[in-house]
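This report concerns only the one structure given below.
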Amino acid sequence: MKSFLACFVFVSVALIASADEKIAIPTQYTVEMVSNMKTGDEEMVVKSRLCVDGDRKRIEANAMGQNMITILRSDKKVIYTLMVEQKMYM
């Protein structure tokens with residue numbers, strides 16, 4: 001589970017960083033996504049929401065009943081990851 005969450009955060013950050021550089025997009029927007037993933041015999045649905053306001057980004061994701069929030073602050077060069085059910089952050 002931890003490796004999945006780490007992979008999800010890494011891929012999300014990489015996609016956001018590459019999207020901002022290649023195309024002109026509005027400075028404020030929200031996108032909702034549903035991803036269907038299959039790993040071995042397991043199928044998983046990940047629902048996520050991306051909120052962008054200038055150089056601040058927030059990703060809210062729900063996978064396997066676990067809620068996770070990632071906050072990216074480019075201005076402060078910091079990334080926060082909140083694991084809601086565990087009441088933890090990284």
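Distance check: I71 CD1 to R58 CZ gives 5.0 Å after rounding to the nearest 0.5 Å. Atom-to-atom distance recorded for M83:CE and M88:CE is 4.0 Å, nearest 0.5 angstrom. Between the CG atom in D53 and the OH atom in Y29 there is a gap of 11.0 Å [rounded to 0.5 Å]. One distance of note links CG of L72 with CG of L50; it measures 9.0 Å at 0.5 Å rounding. Of the inter-residue distances, the one linking T30 atom OG1 with R49 atom CZ reads 6.0 Å to the nearest 0.5 angstrom. For the atom pair I79 CD1 and S74 OG, the distance stands at 8.0 Å (nearest 0.5 Å).
Electrostatic pairing of K87 and E85 does not count as a salt bridge here, judged by no charged N lying under 4.0 Å from a carboxylate O.
For R73 against Y80, the heavy-atom pair with the smallest separation is CG-CE1, 4.5 Å.
Residues Q66 and Q86 meet the side-chain proximity criterion, which asks for heavy atoms closer than 4.5 Å. The shortest distance between side-chain heavy atoms of V84 and I69 falls below 4.5 Å.
M44 and V34 fall into different hydrophobic clusters, where Ile, Leu, Val, Met, Phe, Trp and Tyr side chains are chained together by heavy-atom contacts under 4.5 Å.
Applying the salt bridge (Lys or Arg N to Asp or Glu O under 4.0 Å) rule to E42 yields no partners; only residues at least two apart in sequence or on another chain are considered.
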